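This is a predicted model, so every value here is computed, not measured. Residue numbers start at 1 and run along the sequence shown.
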Amino acid sequence: MTNAAFEGRPCPDWYAEPQLGIFIHWGMWAIPAWAPRGASLTELVRDDYDHAFALGPYAEWYPNAMKVAGSPTAVRHAELYGDQPYSAFREPFEAAAQAFDAEAWVDLFEAAGAAYVVFVTKHHDGFCLWPTGVENPNRPGWNSQRDFVGELAQAVRKRGMRFGLYYSGGLDWTFHHSPISNFGEMFACVPPGEAYRQYAVAQVRELIDRYKPSVLWNDIAWPDGRDLDDLFAYYYAAVPDGVVNDRWMGNTGLFDSLRTPEGLAGFNAMVKARTAASGGESSSTPRHHFDFRTVEYADGGDMGGAKWESTRGLGMAFGYNANEETADYLTGEALTALYRDVTARGGNLLINVGPMADATIPPVQQAPLRDLGRILRGG
């Protein structure tokens, strides 16, 4: 996949203007709500690359970390839940999630001064937060009956904000899951074969048809790059001023090579050297089409003149992590400084909230967002 099919397509004006977006990671991981605290993933990649994802603070990666033998998450899971699978968290999550109130969320986002909202529809655990008509062949019914996506879309648009969707195209642990501790193992875990490829294409098309998202935010990779010309054309036909991010790598040859010991070792050695030289950040220009670049817990120092977006949590996780302490979160002053730095350099700041299972956004996350809004309004 190259840029040729969409060469010359400018970034739409509404997104090109530096602004604030809100990211939302909400799912079953909010029942155990736990990950190690202390170091950011960027620091772990730099300092302990081989174990970064097993030791990382991302609570939304709980179903992976619990599978890595000897990891802090695996040890704690065994102590609290014995041999219960991750799927055991579904029932308590869905019960708690009935308290979801889209208007309450949007009150906060509006107060913060957000221009757009990006909601995680399906994370790496594969659970869908909308009543999808595309059946998961490995885990039938692995989706909510309530349309959380649709309810939030309506509430967001009613307040004049844009609505976008996140989809985990590169990882779906209901199709393929070998434990992931580093980047090589992550890309090796992109599900091989036609079943997942067809499933992902069908679901993204369904999301486009139902919700017409202004942002189509894919994560990790894409199972096969041959799909992307048609998929992007389908999206732009439905949403002419929509935007897509840069995480659509569909290199099946690379994914296959990483499933061999030699290929995995070589790739990890290359990434280790690159991240060590850059202080933990790793960036290269994607070969496929994109409307904006993304950086995660990084400063976005070299985006090659492209429109870009910086994303991070208010703490060290995207999903809710009850193990984090108040000191792990950005203050209103720090969030404001981050926003001003990113937007002054032409970027958008996509700041994440991680609601609890009952959809409550904790006060420690609400406070800096409200402070940012007051400061930007001159209050």
Side-chain angles (χ1 to χ4, degrees), residues 6 9-25 40 42 105-106 108-121 152-153 156-157 159-167 211-220 232 235-236 239-248 281 283 285-286 288-315 318 330 332-354 365 368-377:
F6 304 100
R9 182 183 193 271
C11 182
D13 290 344
W14 77 264
Y15 185 85
E17 181 181 353
Q19 61 200 282
L20 178 71
I22 302 290
F23 217 176
I24 310 163
H25 281 65
S40 71
T42 299
W105 282 8
V106 176
L108 173 64
F109 306 156
E110 186 176 49
Y116 63 103
V117 174
V118 178
F119 184 50
V120 172
T121 65
L152 184 60
V156 166
R157 287 169 171 151
R159 305 291 184 93
M161 291 178 276
R162 298 269 184 159
F163 183 69
L165 300 179
Y166 163 112
Y167 185 84
Y211 307 112
K212 302 295 190 294
S214 292
V215 183
L216 189 59
W217 212 105
N218 187 63
D219 202 9
I220 307 297
F232 292 159
Y235 172 56
Y236 292 137
V239 189
D241 65 348
V243 291
V244 300
N245 69 337
D246 60 352
R247 299 187 180 189
W248 298 86
E281 296 185 36
S283 177
T285 302
H288 56 75
H289 168 73
F290 60 88
D291 293 303
F292 64 95
R293 300 290 310 280
T294 59
V295 295
E296 184 171 319
Y297 283 92
D299 65 13
D302 182 16
M303 291 292 102
K307 177 61 186 180
W308 62 287
E309 179 184 76
S310 174
T311 188
R312 59 157 292 162
L314 287 159
F318 287 93
L330 293 173
E333 184 179 65
L335 176 60
T336 301
L338 176 63
Y339 171 81
R340 286 175 169 161
D341 173 64
V342 169
T343 55
R345 293 184 289 119
N348 291 357
L349 177 61
L350 185 66
I351 194 70
N352 181 80
V353 295
Q365 296 181 33
L369 290 171
R370 294 187 186 281
D371 286 348
L372 171 64
R374 281 194 295 269
I375 292 169
L376 295 182
R377 290 190 299 271

Could you check if a side-chain atom of [X] sits within less than 4.5 angstrom of a side-chain atom of [Y], using non-hydrogen atoms only?
X: Tyr236; Y: Val244; answer: yes
X: Met161; Y: Val106; answer: yes
X: Leu350; Y: Ser310; answer: no
X: Phe290; Y: Phe6; answer: no
X: Leu369; Y: Leu108; answer: yes
X: Ile24; Y: Val117; answer: yes
X: Thr311; Y: Phe318; answer: yes
X: Asn245; Y: Asp219; answer: no

Self-check item: Arg247 with Glu296: basic N within carboxylate O range, under 4.0 Å
Solution: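 Yes, this pair counts.
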Quiz prompt | Partner set under ring-ring contact (aromatic ring centres under 6.0 Å, His included) for Tyr15, not counting sequence neighbours | solution =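 If we apply the ring-ring contact (aromatic ring centres under 6.0 Å, His included) test to Tyr15, skipping adjacent residues, the hits are Tyr116, Phe292.
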Self-check item: Tyr166: ring-ring contact (aromatic ring centres under 6.0 Å, His included) partners, not counting sequence neighbours
Solution: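 Testing Tyr166 for ring-ring contact (aromatic ring centres under 6.0 Å, His included), a comparison that skips the adjacent residues, returns Phe23, His25, His123, Trp217.
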Self-check item: Given Ile375, Leu372, Asp371, the one that forms side-chain contact (heavy atoms from CB on, under 4.5 Å) with Leu335
Solution: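 Passing option: Leu372.
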Self-check item: Six-ring centre of Phe109, Arg159 cation under 6.0 angstrom, axis tolerance 45°
Solution: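 Verdict for Phe109: no cation-pi partner in Arg159.
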[X] side chain to [Y] backbone, donor-acceptor under 3.5 Å:
X: Arg9; Y: Pro12; value: no
X: Tyr297; Y: Gly313; value: yes
X: Gln19; Y: Trp14; value: yes

What residues, two or more places apart in sequence or in another chain, satisfy salt bridge (charged side-chain N to carboxylate O under 4.0 Å, His left out) together with [X]?
X: Glu333; answer: none
X: Arg157; answer: none
X: Arg162; answer: Asp241

Quiz item: When you look at Leu338 and Leu330, which way does the side chain to side chain contact (heavy atoms under 4.5 Å, CB included) test go after all the steps?
Solution: CA-CA 10 Å; Leu338 176 63; Leu330 293 173; 4.2 Å; yes
For the student: nearest non-hydrogen atoms of [X] and [Y], plus distance:
X: Lys307; Y: Cys11; answer: CG-SG, 4.0 Å
X: Val215; Y: Tyr235; answer: N-OH, 3.6 Å
X: Ala112; Y: Leu20; answer: O-CD2, 3.5 Å
X: Val342; Y: Leu349; answer: CG1-N, 4.0 Å
X: Ser214; Y: Val239; answer: CA-CG1, 4.3 Å

Practice problem: Decide whether Thr294 and Asp246 meet the rule of one side-chain donor and one side-chain acceptor closer than 3.5 Å. | Solution: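 Looking only at side-chain atoms, Asp246 and Thr294 do form a donor-acceptor pair, the distance falling under 3.5 Å.
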Quiz item: Does the side chain of Tyr339 come under 3.5 Å of the side chain of Asn348 through a donor N or O and an acceptor N or O?
Solution: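 Checked: Tyr339/Asn348 side chains show no N/O donor-acceptor pair below 3.5 Å.
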Quiz item: In Å, rounded to the nearest 0.5 Å, how long is the span from CG of Asp299 to CZ of Arg312?
Solution: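 Here the rounded value is 12.5 Å.
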Self-check item: Spatial distance of atom CH2 (Trp248) from atom CD1 (Ile220) [nearest 0.5 Å]
Solution: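 Those atoms lie 13.0 Å apart.
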Quiz item: Would Val353 and Leu314 satisfy side chain to side chain contact (heavy atoms under 4.5 Å, CB included), going step by step from the backbone distance to the final call?
Solution: CA-CA 7 Å; Val353 295; Leu314 287 159; 4.1 Å; yes
Practice problem: Might you work through the side chain to side chain contact (heavy atoms under 4.5 Å, CB included) test for Gln365 and Asn352, ending with a clear yes or no? | Solution: CA-CA 9 Å; Gln365 296 181 33; Asn352 181 80; 5.8 Å; no
Practice problem: Please list all pairs passing the salt bridge (Lys or Arg N to Asp or Glu O under 4.0 Å) test where one or both residues lie in residues 334-352, with sequence neighbours left out. | Solution: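 Every pair satisfying salt bridge (Lys or Arg N to Asp or Glu O under 4.0 Å) with a residue in residues 334-352: Asp341-Arg345.
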